[in-house]
K.L.:
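After the structure tokens below, expect a handful of questions from me.
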There are 2 protein chains.
Amino acid sequence: MEISKREEEYLEAMYLLYKKKGVIRVKDIAKKLRVRPPSVVDALKKLSEKGLVEYEKYDRILLTEKGREIAEKTYSKHLLLTEFFINILGIPPEIAEEDACQFEHYVHEITAERIREFAKYIQEQCPYVIKQFIKEHIEKEEKSKDTSKIEEVKDKHTS
Amino acid sequence: MEISKREEEYLEAMYLLYKKKGVIRVKDIAKKLRVRPPSVVDALKKLSEKGLVEYEKYDRILLTEKGREIAEKTYSKHLLLTEFFINILGIPPEIAEEDACQFEHYVHEITAERIREFAKYIQEQCPYVIKQFIKEHIEKEEKSKDTSKIEEVKDKHTS
DNA sequence: TAAATTCTTTAGGTAAATCTAATTTAGGTG
DNA sequence: CACCTAAATTAGATTTACCTAAAGAATTTA
């Protein structure tokens, strides 16, 4: 059974809502995925037919065992990638988050696992090198933040 | 003007065909992207309207300056990611290729650039650590290759 | 150069994912 | 407990990206 990228995103959103709030509501899924409620209902029907979601209209919404497994796998890739981007590459969190949000749906198991191992290995073998790399780039970002603030002020003055 | 992931893939395919063969043919684009020729024609019309492709039916197909720029940017991300996966993480080339093929369409400029810098930095600062990491994992792959060959043989015997 | 083959294109249709507008249901409140 | 509001659902339409079958153009070859 094929599961699309978008369906994976629905499952992940539901998984996170359940973890955070204990209930999964159409409205909240819609908000998280930036779509309108009817789109969510459509998706729920399909996912329910695929046996990934327990759904009957107006009733409580739950992931099935299978749905939860997929969501967990996806979300663990999300965390792994985000951490790698932030802690090893020194990417700003919002950007790291966005990159992870996409790649998590495509990255092969072996690549994900290798990234995990690499991060561990490199932090054990040469922690200082990583630290230095991060440090250099975070300084760069600070500078460009200052610049963009100045730009903002300029914008306000000219508009 | 919005350009979709799929459109980017068309541009990249055309760019590579042009580089390799000097001409871009519907049939070859179709083959590369695993679609049928009519789908390619549809795409060409849209890309032409967006000013990314020079296309008139039955005439030669070319990327415009703008189209070529996008394709080059995408392809350079492709190369960068593939190299990172292979040379730093030690991922098998076919898998590295597939992962890169997806992520190249989503990765932020800053992340791509940072990966490039990281690869350079780490290879300069601790080349031996990288070498060792790769070595350990390539050994693992060799073993699993052997295993899968044995599995294949078993399959033949039982089928 | 005419015929055969291959390539490209059009026509018409499908599936996934979205939307708006209108309707139905559920839950909270006077 | 009836009403009101907020949430969920249905109906119907749109867009993107694909497909098959059939037709038309270009190229190769006998």
Side-chain angles (χ1 to χ4, degrees), chain A residues 1-14 16-18 20-63 67 70-71 74 101-102 104-106, chain B residues 1-14 16-18 20-63 67 70-71 74 101-102 104-106:
Chain A
M1 183 225 347
E2 273 308 297
I3 160 148
S4 73
K5 181 196 176 198
R6 199 47 169 163
E7 286 175 329
E8 231 173 70
E9 286 173 338
Y10 275 101
L11 293 177
E12 191 182 17
M14 293 167 67
L16 290 174
L17 284 168
Y18 186 75
K20 190 171 172 188
K21 304 198 176 185
V23 280
I24 302 170
R25 269 171 306 184
V26 171
K27 197 190 55 167
D28 295 331
I29 302 173
K31 192 179 173 193
K32 222 177 223 301
L33 297 183
R34 300 161 171 281
V35 296
R36 302 287 178 182
S39 310
V40 175
V41 174
D42 283 355
L44 289 174
K45 285 177 184 166
K46 280 202 183 163
L47 291 169
S48 160
E49 279 182 8
K50 293 191 177 185
L52 303 173
V53 165
E54 260 179 59
Y55 170 72
E56 303 236 22
K57 63 175 170 172
Y58 297 115
D59 204 354
R60 83 200 181 315
I61 302 165
L62 287 176
L63 291 176
I70 293 170
T74 306
C101 251
Q102 297 298 324
E104 65 186 8
H105 303 291
Y106 298 109
Chain B
M1 184 224 349
E2 274 307 296
I3 159 148
S4 73
K5 181 195 176 197
R6 199 49 170 161
E7 287 175 329
E8 230 173 70
E9 286 173 338
Y10 275 101
L11 294 176
E12 192 182 15
M14 293 167 68
L16 290 175
L17 285 169
Y18 186 74
K20 190 172 171 188
K21 304 199 175 184
V23 279
I24 302 170
R25 268 171 307 184
V26 171
K27 196 191 58 166
D28 294 331
I29 302 173
K31 191 177 174 195
K32 222 175 224 298
L33 298 183
R34 300 161 170 281
V35 295
R36 302 287 177 182
S39 309
V40 175
V41 175
D42 283 353
L44 288 174
K45 285 177 185 168
K46 278 202 184 161
L47 290 169
S48 160
E49 280 183 8
K50 292 191 178 185
L52 303 173
V53 165
E54 259 178 61
Y55 171 70
E56 303 237 23
K57 63 176 172 172
Y58 297 115
D59 204 354
R60 84 201 181 315
I61 302 166
L62 288 176
L63 291 177
I70 293 171
T74 306
C101 251
Q102 297 299 324
E104 66 186 7
H105 303 290
Y106 297 110

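Not measured: the values here are computed from a predicted model. Throughout, a chain's letter reflects where its sequence line sits, starting with A, and its residues are numbered from 1.
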K.L.:
Supply the atom-to-atom distance B/Ile3 CD1 to B/Leu47 CG, rounded to the nearest 0.5 angstrom.
P.N.:
6.5 Å
K.L.:
Go through it in stages, so that I can follow the logic: the residues are A/Lys32 and A/Glu9, the test is salt bridge (Lys or Arg N to Asp or Glu O under 4.0 Å), and I'd like the CA-CA distance, side-chain angles, deciding distance and then a yes or no.
P.N.:
CA-CA 10 Å; A/Lys32 222 177 223 301; A/Glu9 286 173 338; over 6 Å; no
K.L.:
Which residue, A/Tyr58 or A/Glu7, contacts DNA chain C at a nucleotide closer to its 5' end, judged by nearest heavy atom?
P.N.:
A/Glu7
K.L.:
Considering only heavy atoms from C-beta outward, does the side chain of A/Tyr10 approach that of A/Val40 to under 4.5 Å?
P.N.:
yes
K.L.:
Assess the residue pair A/Asp28 and A/Arg25 against the criterion (salt bridge (Lys or Arg N to Asp or Glu O under 4.0 Å)); give the C-alpha distance rounded to whole Å, side-chain angles, the decisive distance to 0.1 Å, and a yes or no.
P.N.:
CA-CA 5 Å; A/Asp28 295 331; A/Arg25 269 171 306 184; 3.2 Å; yes
K.L.:
Taking only side-chain nitrogens and oxygens of A/Arg25, does any of them come within less than 4.0 Å of OP1 or OP2 of D/dA8?
P.N.:
no
K.L.:
When you measure from the side chain of B/Thr74 to the backbone of B/Ile70, do you find a donor-acceptor pair of N or O atoms at a distance under 3.5 Å?
P.N.:
yes
K.L.:
Report for the helix from C/dT1-D/dA30 to C/dG30-D/dC1: angle between first-end and last-end helix axes, five pairs each, rounded to 10 degrees.
P.N.:
10°
K.L.:
To the nearest angstrom, how far is A/Ile24 atom CD1 from D/dA7 atom C1'?
P.N.:
16 Å
K.L.:
Heavy-atom count check: over 12 atoms from other residues, nucleotides or ligands less than 6.0 Å from A/Tyr18 OH?
P.N.:
no
K.L.:
At the 4.0 Å heavy-atom cut-off to chain B, mark where contacts on DNA chain C begin and end, going 5' to 3'.
P.N.:
C/dC7 to C/dT10
K.L.:
Flag the pair A/Leu17 / A/Val23 as yes when at least one side-chain heavy-atom distance between them is below 4.5 Å, and no otherwise.
P.N.:
no
K.L.:
Could you check whether any side-chain N or O of B/Lys50 sits under 3.5 Å from a backbone N or O of B/Glu2, counting only pairs where one atom can act as donor and the other as acceptor?
P.N.:
yes
K.L.:
Taking OP1 and OP2 of D/dT10, is either one under 4.0 Å from a side-chain nitrogen or oxygen of A/Lys57?
P.N.:
yes
K.L.:
Using a strict 4.0 Å threshold on nitrogen-to-oxygen distance, state whether A/Lys46 and A/Glu49 make a salt bridge.
P.N.:
no
K.L.:
What do you reckon, is NZ of A/Lys31 surrounded by more than 12 foreign heavy atoms closer than 6.0 Å?
P.N.:
no
K.L.:
Residues from residues 37-50 of chain A sitting under 4.0 Å of DNA chain C, heavy atoms only?
P.N.:
A/Pro38, A/Ser39, A/Asp42, A/Lys46
